Amino acid sequence: MSSPAAAPANHDVMKKLVALCKNRGFVFQSSEIYGGLKSAYDYGPLGAELKRNLMSEWWRDMVTTRENVVGIDASIIMRPEVWRASGHAAGFADPLVDCQVSKERFRADKAPRPTVPGPLSLTCTDKGQAKTYAEIIEKNFGIALERDGNVLSGLVALSATEFGFVPKGETAPTKTWPWRGYVSPLIGCPFLTAEKQFNLMFRTPLGAVDPMQDVAEVTAKLTAEPDLAAAITAHFGKAAAADTTLGKAIASGDRAKMLRAVAEQVTASAMVYLRPETAQAMFVQFKNVMNSMSLKPPFGIAQMGKSFRNEVTVEHFIFRSCEFEQMEMEFFCEPGTQGQWMDFWKEARMAWWHRYANYPQKFKFRPHEKDELAHYADQCFDVEYEYPWGWGELEGIASRTDHDLHAHMEASGEDLRFIDTENADPKTGAKPWRYLPYVIEPAAGATRGVLCFLLDAYHEETRLDHEGKPTTRTVLKLHPRLAPIKAAVLPLVKKDGLPEKAREIIEALLKAGVSAKYDEKNSIGKRYAKHDEIGTPYCITVDYDSLQDGQVTLRDRDTTEQVRIPIAQAVQQIRERLER
RNA sequence: GCGGGUGUAGCUCAAUGGUAGAGCGCCUGCUUCCCAAGCAGGACACGAGGGUUCGAUUCCCUUCACCCGCUCCA
């Protein structure tokens, strides 16, 4: 597209874009009239078109125009086993704890565990912080720790389950608290909140009867017993054996933990998860897809759709939200060929982003460092975009090895290997070769794609009005195929038969399947400006000459230049421009 | 979740312990022959809940949401 090389360096661009999105019907905040819902957004009429266009372009490029890629559209809810096998259920259900003094939040399983018995000294970053924290502790826990520079001392680990305060000069603790054996990583503080499960996944009971009723009834019954642990063991039997979650909770002696485990146990059979990524369905249905479509590696399965994650922090408008949309493809190939396919898809994917961008220099690859790689990947590249707040991820292209298929084969007991009858197993030399394909996964954020192309398209140009005063023209230089409205049809004035002529043109456009809008309100300049702001690439204007010579002007959004074309060619001309 | 900031019309902003005003936009009519023209009318707001007060948009508390920083990811 024709544009200057340098992107506008406007630090308010996010603010302005968010305002434009609301004003012009691209993106609204969810449930706005009720005060809004955190990190949830609704796509308005133009935003819905834009997102749809973007996703259609992806599907066309990744599925429709490729012989070796097929698409699926899987259910968002799947058996919980899927998420256990994929590692999402365990890997993201880490217990989180807050330090009651420093407010730091950390993972309990990774926290430091001081030797017992022994002193527990709090090391602050500086003297000022030490003073503040000492005051907090005095106020909340009623003890005055001894302060020496940035170190607070006086707390002592007494046993694996108890710590206390031993004032200077004393030998016995004057006050004690129960303890879980670890302290906060930053300052080494034992005053902590209870462990809370932070789960990545959205959980919902599947079924007409709400299992909370069962939870309430069982809890009421169990807590009426004098010995909770014994009551649980009696009620659940084998399900409360020592190696189960329930059994471990009983062993801990913590009532809250036990009741939590009871609730989990009672609801377990009804609970399902909303998928945190679309990828797993493509692994789980790998065999069905391969067999029904008579495919053999190398081939890909693609899918677009919503995924759900409880993010620790949501931020930057639609950049990170709990409900988001993905465009993912799992490309299954022979082990050993993953490197070359990685190169292939890297290039293909970057070319795709560049195709719609005004500023290709704002896209780049960022290779993952070894220690940054997910456990399932042997290589990973992020496609990053330079957002106003810095570089951020847009797509991840991961070499996932055979990790996922392997995990699902093991968990389900289903043989997911491909049987290659033509080639011998390179290890044994025997035919057929049974192997689990390796996977290259280009996983793009559709929601992020919408944001990045809106940012890429957002332009402000200063020009002089008819009086010579500078005015700002806001233009969304969206790629014509992404633009929500392709053409506006405008009578120069709304009289003398011009509207009627314009109506004929818009009807022809709509009939041809081109998204177009008729507009006769306000002056012609205002209508141009309005359509520039929503990214309409072409305006067709009917003037008095049109009635005589059968021609109209076709105005280009980016250059504002006009050419005169016959009305009879209008539809065809617009369609041709969209195919470029 | 924690710290800091913000919340007044569709948008951008103002004023005020005594019941809110402008610009732009929007709607109606007239006018208007190509890049946010003019005239005349019109509609629309104190994020929500509670407290103090004779009276709160203003002061206090709570809550919700957003923005900027700490963690994670498509």
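Naming convention: chains lettered A, B, ... in sequence-line order (proteins, then strands); numbering from 1 in each chain. Small disclaimer: the values here were computed from a predicted structure and weren't measured.
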Mind checking what makes ring-ring contact (aromatic ring centres under 6.0 Å, His included) contact with [X], not counting sequence neighbours?
| X | value |
| --- | --- |
| H316(A) | W389(A) |
| F308(A) | F202(A) |
| F365(A) | none |
| Y518(A) | none |

Please work out if [X] contacts a base, only the sugar-phosphate, or nothing of the nucleic acid, heavy-atom cut-off 4.0 Å.
| X | value |
| --- | --- |
| Q29(A) | sugar-phosphate |
| D543(A) | base |
| E461(A) | nothing |
| T553(A) | base |
| S39(A) | sugar-phosphate |

Using the side-chain heavy atoms of [X], tell me which of these nucleotides is nearest: [options].
| X | options | result |
| --- | --- | --- |
| L492(A) | rC13(B), rC73(B), rC33(B) | rC33(B) |
| V493(A) | rC35(B), rA36(B), rU32(B) | rU32(B) |
| Y544(A) | rC13(B), rC33(B), rC68(B) | rC33(B) |

Ignoring hydrogens and angles, are the base of [N] and the side chain of [X] linked by a donor-acceptor pair under 3.5 Å?
| X | N | value |
| --- | --- | --- |
| Y528(A) | rC34(B) | yes |
| R448(A) | rC73(B) | yes |
| R320(A) | rC72(B) | yes |
| E533(A) | rA36(B) | yes |
| Q562(A) | rC34(B) | yes |
| R555(A) | rC35(B) | yes |

_Pairs flagged by salt bridge (charged side-chain N to carboxylate O under 4.0 Å, His left out) wherever residues 22-37 of chain A is involved - sequence neighbours left out_ = K22(A)-E32(A), R24(A)-E533(A)
*Is there any salt bridge (charged side-chain N to carboxylate O under 4.0 Å, His left out) pair reaching into residues 384-400 of chain A, and which pairs are they, with sequence neighbours excluded?*
E277(A)-R400(A), R349(A)-E395(A), R366(A)-E384(A), R400(A)-D404(A), R400(A)-E441(A)
*asked:* Between rG51(B) and rU58(B), how many Å separate the two P atoms, rounded to a whole number?
replied: 14 Å
*How long is the line joining CG of N310(A) and C1' of rC73(B), in whole Å?*
13 Å
*How many Å lie between CZ on F28(A) and P on rG10(B), as a whole number?*
13 Å
*Could you list the residues that satisfy salt bridge (Lys or Arg N to Asp or Glu O under 4.0 Å) with R320(A), not counting sequence neighbours?*
E311(A), E315(A)
Can you name the atoms? Protein N/O to nucleotides 26-31 of chain B N/O, anything below 3.5 Å, with the distance.
unit_1	atom_1	unit_2	atom_2	d
rC26(B)	OP1	N522(A)	ND2	3.3
rC27(B)	OP1	K521(A)	NZ	3.0

*Between Y385(A) and Y387(A), does the ring centre distance come in under 6.0 Å?*
yes
*Within residues 342-352 of chain A, find the residues that approach RNA chain B with a heavy atom at under 4.0 Å, and present them sorted by residue number.*
none
*asked:* Parallel, tilted or perpendicular, judged at 30° and 60°: which one describes the rings of W341(A) and F331(A)?
replied: tilted
*Is it true that R564(A) and D549(A) make a salt bridge, defined as a side-chain N closer than 4.0 Å to a carboxylate O?*
yes
*Salt-bridged, E520(A) to R503(A), with N to O below 4.0 Å?*
no
*Only pairs at least two apart or in different chains count here, so list each side-chain hydrogen bond (donor to acceptor under 3.5 Å, both in side chains) that has a residue in residues 490-500 of chain A.*
D496(A)-Y544(A)
Using nucleotides 44-50 of chain B, report all nitrogen or oxygen pairs with the protein that are shorter than 3.5 Å.
none

*Under a 3.5 Å cutoff on both atom distances, Watson-Crick or G-U, what's the dot-bracket for RNA chain B ([ ] crossing, | other strand)?*
(((((((..((((....[..)))).(((((.......)))))....(((((..]....))))))))))))....
